[in-house]
S.K.: 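Have a look at the structure that comes next, please.
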There are 2 protein chains.
Amino acid sequence: MLKLSRLTDYAAVVMAQIARYPEQAHAATELADAVQLPHPTVSKTLKMLVRAGLLESRRGSLGGYRLARPATSITTSDIIGAIEGPVAMTECSHADGDCDLVDTCGVADNWQRVSLAIRTLLDSVTLAHLAQESPLKLPVQLPIQSVTLASRAEV
Amino acid sequence: MLKLSRLTDYAAVVMAQIARYPEQAHAATELADAVQLPHPTVSKTLKMLVRAGLLESRRGSLGGYRLARPATSITTSDIIGAIEGPVAMTECSHADGDCDLVDTCGVADNWQRVSLAIRTLLDSVTLAHLAQESPLKLPVQLPIQSVTLASRAEV
DNA sequence: TCGATAGGGGACTAAAATGGTCCTCAATAG
DNA sequence: CTATTGAGGACCATTTTAGTCCCCTATCGA
């Protein structure tokens, strides 16, 4: 299904929630409540986001989480990467490719390109986009159409 | 990581192998050998591809597998779908969305759009592309860049 | 200085998905 | 009739994922 893990999903929701009120610090409890998810799980997710450098945390009574940088410069790719590790469709599409089938496979190169295209796409959608109430309809969808035509025409 | 399952990877490799010699029928054993993967696993993969309607099979001594339609009209999306089920990034991005968090989530719409964009991308890359020895360098990659600009400019 | 409020780190478990193997049955060609 | 080749499904081992919990540390304010 090429699906995101559930935690990644949570991460996106939580990040979006924070992004909507960037000024204040958000406690894990508060977020869990706002988002209707069990506190320990949300907490775990938040920790991962901190470790990835997307959130900053502050302990103590007035503590909580806030964005480490503006929502416009946090990408979906960053969020996915924070929870699942770097985006890579196939074994061999990360740098230290150690797939011993490269010879017989004959598909590696092209997969890597597809992978790259997806990464680029995910890089182009920011947290600011996600957090927007109004859906980002055309901006993403329309230009993609031209890709379809372009690459189809090539063959 | 947003990774394909290993079986999907195998499927792509095997399909590409078949696509390179579309005239003949390919026995599972032959394919397993060509691709350097254990026979039972390859066999399983082939069965799945048949059930998804991407391959046609024929039993008996001169039997084997061949493409159900030309390589140009089989997409990577089809292949992924055959093994992992329909491409959908989030729980709620398939039709029968039954996520009870839609209200508090506030991100669903946009994820669905990202999902759609990826699906569109995967639809635009065909088996013929994959099977090509020479990588499809620019066709896919360049137009995507314009997506980046387009959607960034929008926010 | 103390205590209440928050997060940090990591261990641990249960459940599910994945990968891989195997066995028996059915179809086809010669 | 027999050798070949796929269909279908059971089965198991391993890994991944999700979720919980506990104990420690930092910060604020009384």
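So that the names make sense, note that chain A is the first sequence line, chain B the second, and so on, each numbered from 1.
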S.K.: Taking CZ from A/Arg6 and P from D/dT20, how many angstroms apart are they, rounded to a whole number?
M.R.: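 My rounded result for the distance is 11 Å.
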S.K.: Write down the distance between CG (A/Leu4) and P (D/dT16), rounded to a whole number of angstrom.
M.R.: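 From A/Leu4 CG to D/dT16 P: 18 Å.
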S.K.: Stepwise, does the side-chain contact (heavy atoms from CB on, under 4.5 Å) test hold for A/Tyr65 with A/Val14?
M.R.: CA-CA 11 Å; A/Tyr65 296 89; A/Val14 169; over 6 Å; no
S.K.: Within less than 4.0 Å of OP1 or OP2 of D/dA18, is there a side-chain N or O belonging to A/Ser5?
M.R.: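 So the side chain of A/Ser5 is within the cut-off, an N or O lying under 4.0 Å from OP1 or OP2 of D/dA18.
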S.K.: Could you state the CG-P distance from A/Leu2 to C/dA17, rounded to the nearest angstrom?
M.R.: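 The distance from CG of A/Leu2 to P of C/dA17 comes to 17 Å, rounded to the nearest Å.
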S.K.: Rounded to the Å, how far apart are B/Leu55 CG and D/dT5 P?
M.R.: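 Atom CG in B/Leu55 sits about 17 Å away from atom P in D/dT5.
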S.K.: Should the pair A/Arg69-A/Asp78 be classified as a salt bridge under the 4.0 Å nitrogen-to-oxygen rule?
M.R.: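 A salt bridge is present here (some side-chain N lies under 4.0 Å from a carboxylate O).
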S.K.: Near DNA chain D, counting only heavy atoms under 4.0 Å, which residues of residues 20-42 of chain A show up?
M.R.: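 The answer is A/Pro38, A/Pro40, A/Thr41.
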S.K.: Is a side-chain donor-acceptor pair under 3.5 Å present for A/Thr90 with B/Asp9?
M.R.: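 There is no such pair between these side chains.
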S.K.: Which nucleotide in the set C/dG8, D/dG6, D/dG8 lies at the smallest distance from any side-chain heavy atom of B/Arg51?
M.R.: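 Of the options given, the side chain of B/Arg51 lies nearest D/dG8.
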S.K.: Expressed as a whole number of angstroms, how long is the span from A/Met48:CE to D/dT20:P?
M.R.: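 Roughly 13 Å, once rounded to whole Å.
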S.K.: Go through the steps to decide whether B/Val42 and B/Tyr10 satisfy the test side-chain contact (heavy atoms from CB on, under 4.5 Å), and finish with yes or no.
M.R.: CA-CA 7 Å; B/Val42 169; B/Tyr10 298 166; 6.0 Å; no
S.K.: What closest approach, in Å, do B/Ala19 and B/Ala131 show between heavy atoms, and which atom pair accounts for it?
M.R.: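 Heavy atoms of B/Ala19 and B/Ala131 come nearest at CB-CB, 4.1 Å.
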S.K.: Out of C/dG19, D/dA18, C/dG8, which nucleotide sits closest to the side chain of A/Leu7?
M.R.: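 The answer is D/dA18.
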S.K.: Rounded to the nearest angstrom, tell me the gap between atom CZ in A/Arg66 and atom C1' in C/dA6.
M.R.: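 Taking CZ of A/Arg66 and C1' of C/dA6, I get 13 Å after rounding.
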S.K.: Using atom names, set out every protein N or O paired with an N or O of nucleotides 12-15 of chain D below 3.5 Å, distance rounded to 0.1 Å.
M.R.:
none

S.K.: side-chain contact (heavy atoms from CB on, under 4.5 Å) for B/Thr76 and B/Thr126? Distances and angles first, verdict last.
M.R.: CA-CA 6 Å; B/Thr76 51; B/Thr126 71; over 6 Å; no
S.K.: Any donor-acceptor pair, under 3.5 Å, between the side chain of A/Lys44 and the base of D/dG19, if you only look at N and O atoms?
M.R.: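 Checked by distance alone, the answer is yes.
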S.K.: Between the side chain of A/His26 and the main-chain N/O of A/Gly63, is any donor-acceptor distance below 3.5 Å?
M.R.: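 Not confirmed, A/His26 side chain does not pair with A/Gly63 backbone.
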S.K.: Between C/dG7 atom P and A/Leu54 atom CG, what is the distance in whole Å?
M.R.: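 Whole-Å distance recorded here is 17 Å.
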S.K.: How far apart are the closest heavy atoms of A/Leu7 and A/Thr41, and which atoms are they?
M.R.: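 The answer is CD2-CG2, 3.8 Å.
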S.K.: Taking all atoms of both residues into account, what is the closest heavy-atom pair of A/Leu130 and A/Ala12, and its distance?
M.R.: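 Closest pair (atom of A/Leu130, atom of A/Ala12, distance): CD1-CB, 4.3 Å.
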S.K.: Does A/Tyr10 make a side-chain N or O approach to OP1 or OP2 of D/dT17 shorter than 4.0 Å?
M.R.: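 So the side-chain polar atoms of A/Tyr10 never come under 4.0 Å of the phosphate oxygens OP1 or OP2 of D/dT17.
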S.K.: At their closest point, which heavy atom of A/Leu122 faces which heavy atom of A/Thr75, and how far apart are they?
M.R.: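 Looking at all heavy atoms of both residues, the closest pair is O-CB, 3.8 Å.
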S.K.: So which protein N/O to nucleotides 27-30 of chain C N/O distances come out below 3.5 Å?
M.R.:
residue	atom	partner	partner atom	Å
C/dA27	O4'	B/Arg59	NH1	3.3
C/dA29	OP1	B/Arg58	NH2	2.2
C/dA29	O4'	B/Ser61	OG	2.9

S.K.: If the cut-off is 4.0 Å, is B/Ser57 near the phosphate of D/dA7, judged by side-chain N/O to OP1 or OP2?
M.R.: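 Checking B/Ser57 against D/dA7: at least one side-chain N or O falls below 4.0 Å of OP1 or OP2.
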S.K.: Any donor and acceptor pair, going by atom type alone, linking the side chain of A/Glu84 with main-chain N or O of B/Leu2 inside 3.5 Å?
M.R.: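 Checked: pair present.
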S.K.: Hey, are the side chains of B/Ser115 and B/Arg119 touching, using non-hydrogen atoms and a 4.5 Å cut-off?
M.R.: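 A side-chain contact exists here, since the closest heavy-atom pair is under 4.5 Å.
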S.K.: Once hydrogens and angles are ignored, does a donor-acceptor distance under 3.5 Å link the base of D/dG8 to the side chain of B/Lys47?
M.R.: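 Per atom types, the contact qualifies.
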